[in-house]
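It should be emphasised that the depicted structure is a prediction, and the values quoted were computed from it without experimental measurement. Sequential numbering from 1 along the given sequence is applied to the chain's residues.
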Amino acid sequence: MKISELSRGSGVSLPTVKYYLREGLLPPGRAMGRNQAEYGDAHLRRLRLIRALIDVGNLSVAAVRQVLRAVDDAELPGHDLLGTAHEAIAGTPRADRGTAGWQAARAEAARIVTERGWRVHAHAPALDQLADAIAALRELGQEDMLAMVDGYAEATERLAAQEVGLVLARADRAAMVEGVVTGTVLGEAVLTALRRLAQEHTSAGLTEAS
């Protein structure tokens, strides 16, 4: 297909498609002559993946480039690809991580993971993000909410077993790789949306009961 057809088939504007080509997110098409190239289904699939990561996953172009570089590495194990996706989601930290309060929260986050027997890297971005949340809750005087940490951990461990098992069981590497990325980035969006819906439902029920 021509680049104009690629644009129409994906729903991505032509200038944006050209931008992704320039940025190296989308591989070049097969040259068909001067200033002309042909694109295939693989380009359409990659373009849809890019848009999902940006539009739904809220990743930056730089983060998407990092993820796609890992996706295209045929030698990269699925576990390492998962780590790349986690780093992309983490983004740039906003919290002040140099305070004594944050350092105490970081130690608490590490303790929580250790006590559950989770095998995670000592410098996993999610450990810092957990510390951000713990430090903020303590600073706001909302320590009672930390009592829910064990419940969160138990629920997410069950989800993780299903997610990772499902994706890594795929026989086709391309499908497995894409599943690791989309399951991590888009799965987080699904989980967040469902949690908010459940909160609204529960709140409505309690309001009616009162």
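The minimum heavy-atom distance linking T84 with A70 is given by the pair CG2-CB, 3.8 Å. For the pair A131 and A109, the tightest heavy-atom approach, listed with the atom from each and the gap, is N-CB, 4.1 Å. Residues L6 and S10 share a closest heavy-atom pair of O-OG, 2.9 Å. Among all heavy-atom pairs drawn from A135 and G101, the shortest one is CB-O, 4.3 Å. Nearest heavy atom pair, residue D132 against residue W102, reads OD1-NE1, 2.7 Å.
Here the straight-line distance linking atom CD of E139 with atom OG1 of T99 works out to 8.0 Å at 0.5 Å rounding. Here the CG-CG distance, from L44 to L26, works out to 9.5 Å after rounding to the nearest 0.5 Å. Residue L53 holds its CG atom at 10.5 Å from CG of N58, rounded to the nearest 0.5 Å.
Not counting sequence neighbours, the partners of D150 by the side chain to side chain contact (heavy atoms under 4.5 Å, CB included) test are R116. Every residue two or more places apart in sequence or in another chain was checked for a side-chain hydrogen bond (donor to acceptor under 3.5 Å, both in side chains) with Y19, and none qualifies. Annotation: side chain to side chain contact (heavy atoms under 4.5 Å, CB included) contacts of M176 (sequence neighbours excluded): V167, L168, R170, R173, V180. Legend: residues meeting side-chain hydrogen bond (donor to acceptor under 3.5 Å, both in side chains) with E108, ordered by chain and number and at least two apart, are R138. Under the side-chain hydrogen bond (donor to acceptor under 3.5 Å, both in side chains) criterion, E23 pairs with R65, not counting sequence neighbours. Partners of R8 according to the side chain to side chain contact (heavy atoms under 4.5 Å, CB included) rule, which considers only residues two or more places apart in sequence or in another chain, are S4, E5. Every side chain to side chain contact (heavy atoms under 4.5 Å, CB included) that V190 has, sequence neighbours left out, goes to L194.
Hydrophobic clustering (ILVMFWY, side-chain heavy atoms < 4.5 Å, transitive): V56 and V71 are in one cluster. M145 is connected to L130 through a chain of hydrophobic side-chain contacts under 4.5 Å among Ile, Leu, Val, Met, Phe, Trp and Tyr, so both are in one cluster. By the rule that hydrophobic residues join a cluster once side-chain heavy atoms approach within less than 4.5 Å of another member, L137 and I112 end up as members of one cluster. The hydrophobic cluster containing L140 does not contain I134, counting ILVMFWY residues as joined when their side-chain heavy atoms lie under 4.5 angstrom apart, directly or transitively. In the hydrophobic clustering of ILVMFWY residues, with side-chain heavy atoms under 4.5 Å counting as a link, V120 and V149 come out apart.
Counting only heavy atoms from C-beta outward, the side chains of D73 and D80 never approach each other to under 4.5 Å. Residues L82 and H86 form a side-chain contact, since some pair of their non-hydrogen atoms from C-beta on lies under 4.5 Å apart.
Between the side chain of T156 and the main chain of Y152, a donor-acceptor pair closer than 3.5 Å is present. In terms of modelled atom types and a separation under 3.5 Å, the side chain of Q103 and the main chain of R97 share a donor-acceptor contact.
Checked options V64, V67, L59; the residue passing with V185 is L59 (criterion: side-chain contact (heavy atoms from CB on, under 4.5 Å)).
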N/O donor to acceptor pairs below 3.5 angstrom from side-chain atoms of residues 121-128, sequence neighbours left out:
| from | atom 1 | to | atom 2 | distance (Å) |
| --- | --- | --- | --- | --- |
| H121 | ND1 | H123 | N | 2.9 |
| D128 | OD1 | R106 | NE | 2.6 |

Atom pairs and distances, donor-acceptor, side-chain atoms in residues 45-52, under 3.5 Å, two or more places apart:
| from | atom 1 | to | atom 2 | distance (Å) |
| --- | --- | --- | --- | --- |
| R45 | NE | E178 | OE1 | 3.0 |
| R45 | NH2 | E178 | OE2 | 3.2 |
| R46 | NH1 | L25 | O | 3.2 |
| R46 | NH2 | D72 | OD1 | 2.5 |
| R46 | NH2 | D72 | OD2 | 3.4 |
| R48 | NH2 | G9 | O | 3.2 |
| R51 | NE | D55 | OD2 | 3.3 |
| R51 | NH1 | Y20 | OH | 2.0 |
| R51 | NH2 | D55 | OD1 | 2.8 |
| R51 | NH2 | D55 | OD2 | 3.1 |

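Connectivity analysis of hydrophobic side chains (ILVMFWY, heavy atoms under 4.5 Å, direct or indirect) links L159 to L191.
More than 12 non-hydrogen atoms from other residues, nucleotides or ligands lie less than 6.0 angstrom from CD of E143.
Residue pairs that meet the ring pair (Phe, Tyr, Trp, His ring centres under 6.0 Å) test with at least one member in residues 36-56, sequence neighbours left out, are Y39-H43. Residue pairs meeting the salt bridge (Lys or Arg N to Asp or Glu O under 4.0 Å) criterion with at least one member in residues 187-207, sequence neighbours excluded, do not occur.
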